[in-house]
There are 2 protein chains.
Amino acid sequence: MSAKKSRIEDVAKAVGVSATAVSFAFNRPDRLNSKTVTRILDAADRLGYSPNPLARALLAKSTGVIGILTPQTLPSIFKNPFFAAFHEGVGRACEEHCLSLMIVSPASRSLSEASAHAPVDGLIVVGLSESHPEIELLRRRQMQFVIVDGDAETVPSVNVDDYHGARQAANLLLERDHRRIACLTFEQDLSSSHGKKVYGVGRRRLEGYKHSFNDYDILWDDSVLVPTAASIDAGAAAFKQLWKNPKNRPTAVLAVADVMAIGMLEEANARGVCVPDDLAIIGFDDIPQAQWTRPPLTTVRQPMVEKGEIAVQMLLTLIAGEPLTDRHVLLPTELVIRKSA
Amino acid sequence: MSAKKSRIEDVAKAVGVSATAVSFAFNRPDRLNSKTVTRILDAADRLGYSPNPLARALLAKSTGVIGILTPQTLPSIFKNPFFAAFHEGVGRACEEHCLSLMIVSPASRSLSEASAHAPVDGLIVVGLSESHPEIELLRRRQMQFVIVDGDAETVPSVNVDDYHGARQAANLLLERDHRRIACLTFEQDLSSSHGKKVYGVGRRRLEGYKHSFNDYDILWDDSVLVPTAASIDAGAAAFKQLWKNPKNRPTAVLAVADVMAIGMLEEANARGVCVPDDLAIIGFDDIPQAQWTRPPLTTVRQPMVEKGEIAVQMLLTLIAGEPLTDRHVLLPTELVIRKSA
DNA sequence: TTGTAAGCGTTATCAA
DNA sequence: TTGATAACGCTTACAA
């Protein structure tokens, strides 16, 4: 039915020149007689020819595409406002450098397998630490990449000051005499690989909470932890779980992500539990929605957009083979006090 | 410094076999002595080898990546909640088929130029009609693609019933005796190419408004149109413009996108203008945020997630060379009455 | 069970 | 100003 895609040879034959000439017409028009260029370009247009990007990239060893790799599923990434902001930053930098962006889907495959199939010049890996076995593989394959939101000593990385952000959040609650505080953690925080906690960010936030608890001589008991997926729904579910047993209800909640906090807050509202009087809530991230909840969410702000921009810049200097002035960027966090705590 | 990426030959030499054998070890392990396979895979692992996806794709004529192409900039796409929902649907389908997703950046280039550089198996084109010259090019290049939110008679497309959604929105206002109504339109709606309006969706929504105006014998005057970018900020700016001249203020606003409506609503709130009493507002899309505004936004709902899913499915059958049962999908819209009108 | 050789669609080098 | 030829890194008949 539909004619095959035309190749460089087809154009060459149609015009009566060599393939080289056609290539030149597209890439170095100056090296050809301008009349020839016109003839070639005309024929190309007529035949609907344009150079195969794959063949081109194979030779150039560059596709003009960078990828984002993270263990989460595609739909959950797009549902997550943190990623929206992060992508905005990444997108800004891509735009600036005429790069396209690929969101690599781990799907059923392993991360490294997925990334091995991805025709990208480099990868931004979100939420995985250097010690993760999949990361180890990327490195062995000489893939260029930057870690975002993960522990890294060797590999270039971008992180925010999770620890101090978390301390400020916990301190606010503690100062206000909360003593029964639950923590909504990332699900991965409790899993480990080779005896090391895999997910650096959650661990650092948890450590911040923990140390503040210590300062106030509150004994830390892992039973305060509620592993929660990064979504509104999961936050709502966490509320139900926490509220089930009337004797054991917390007076406050620290969430490692705003989405969880917002889910919890909405569910509390729906059940007639008053925030912050009956339950104080503090989130983390300061996604735009945090301002619009009722009451507005107290949270720890991190520069999500900037994080994305910086990650791309680092990746690009890496790809260019230039030295990085700062291999481990640490961006500040800041407690934003609104009305939920 | 860093050793070059290892190629298939390196592995072959290390093991003392041919490149073919290495290829087989990865792709048809059954065709090789299982011991040989192990030796090869071991060596590959040791050398950090994995097949070059570009070379592979060149041969297979397939990359396992589909692209999304739209005239907007990358950051504005990610800031736009409509795309978040749309991407969620696209992501769901990609996940299901083990596909990765590429967001093609037009950046400074023309759309067709950008897409010509994209190593994808097919494209979902959002917001461009078939008659657009860039689309014409895609087609001539034998690129597989599906149009979303754009007029199409030949090319497969996914759209929602913009016209009737818009009519319902306008009718609600008209029934409630609003007579001075402004319309926030997409910026592209007023531009045209070859004498045809380029952006089908906005045109259809506008036509819906217009016909309802006619039904109520209100004369349509293009001065009610306020071209507005698809962002909260632009919506806020539109409010300022509309409110500038006290004699000319509308009593109601129809926005072709929720983001515009929300920007307008927020700015109205900030200025002490009461919605819906001083100004009624109706949006379009029903993004999640529409429920959380104060007052909650009355709007026209469209199935954004489903739209994305369906677009991918169509694209995949197209790529597979199979016939499409329905080349032009039209999804329903529905007026959601909340409190802003 | 393994290897040889051709080819995927380009671009780079060098010569004409 | 143009063209032959050899890469790029892999897969796949076909042969051994």
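Being a predicted model, the structure only gives us computed values, none of them experimental. Numbers restart at 1 for each chain; the letters A, B, ... are given by sequence-line order, proteins then strands.
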Requested in this report: Tell me, please, the opening and closing nucleotides of DNA chain D, 5' to 3', among those with an atom under 4.0 angstrom from a non-hydrogen atom of chain A.
Outcome: D:dT1 to D:dG9

Report summary line: Angle separating the five-pair end axes of the helix from C:dT1-D:dA16 to C:dA16-D:dT1, nearest 10°, is 40°

**Report entry** Residues A:R7 and A:D10 bridged, charged N to O under 4.0 Å
**Finding:** yes

Query - Pair of N/O donor and acceptor under 3.5 Å linking C:dT4 base with B:S18 side chain - result: no

Report summary line: B:L58 atom CG is separated from C:dT10 atom P, nearest whole Å, by 9 Å

Requested in this report: Using distance alone, with no hydrogens and no angle criterion, decide if A:T20 and A:S23 have a side-chain donor and acceptor under 3.5 Å apart.
Outcome: no

Query raised in the report: Of all the choices, C:dT10, C:dT1, C:dA12, which nucleotide is nearest to the side chain of B:T36 once you look at every atom?
Result: C:dT1

Report task. Measure up the B:F78 and B:H87 rings against each other and bin them: parallel (under 30°), tilted (30 to 60°), perpendicular (over 60°). Result -> tilted

**Report entry** Nearest-Å distance for atom pair CZ/P, residues B:R31 and C:dT2
**Finding:** 11 Å

Requested in this report: Salt-bridge test for B:D149 and B:K307: reply yes if a basic N is under 4.0 Å from a carboxylate O, no otherwise.
Outcome: yes

Query raised in the report: Taking 4.0 angstrom as the limit, do A:E136 and A:R139 come out as a salt bridge?
Result: yes

Query - Separation of atom CG in B:N52 from atom P in C:dC8, rounded to whole Å - result: 18 Å

**Report entry** Touch class at under 4.0 angstrom, heavy-atom based, for B:V22 against every strand present
**Finding:** nothing

**Report entry** Residue mapping more 5' on DNA chain C - nearest nucleotide basis, B:L59 or B:V37
**Finding:** B:V37

Query raised in the report: Would you call the rings of B:F86 and B:F82 parallel, tilted or perpendicular if under 30° counts as parallel and over 60° as perpendicular?
Result: parallel

Query raised in the report: If you measure only the distance, is there a donor-acceptor pair under 3.5 Å linking the side chains of B:T317 and B:E322?
Result: no

Query raised in the report: Atom OH of A:Y49 to atom P of C:dG9: distance rounded to whole Å?
Result: 10 Å

Report task. Using heavy atoms to find the nearest nucleotide of DNA chain D for A:N33 and B:T20 separately, return the residue whose nucleotide is more 5′. Result -> A:N33

Query raised in the report: Is A:E88 salt-bridged to A:R92, cutoff N-O under 4.0 Å?
Result: yes

Query raised in the report: Listed in order of residue number, which residues of residues 6-15 of chain B have a non-hydrogen atom at under 4.0 Å from DNA chain D?
Result: B:R7, B:I8

Query - Donor-acceptor contact below 3.5 Å, side chain A:S112 vs main chain A:L137 - result: no

Query raised in the report: Between A:N27 and A:R56, does any side-chain donor sit less than 3.5 Å from a side-chain acceptor?
Result: yes

Query raised in the report: CG of B:L54 versus C1' of C:dT10: gap in Å, rounded?
Result: 11 Å

Report task. Go through the side-chain N and O atoms of B:E95 and A:T73 and say whether any donor and acceptor fall under 3.5 Å apart. Result -> no

Query raised in the report: Taking atom C1' of C:dG3 as reference, at what distance in whole Å does atom CG of B:L32 sit?
Result: 11 Å

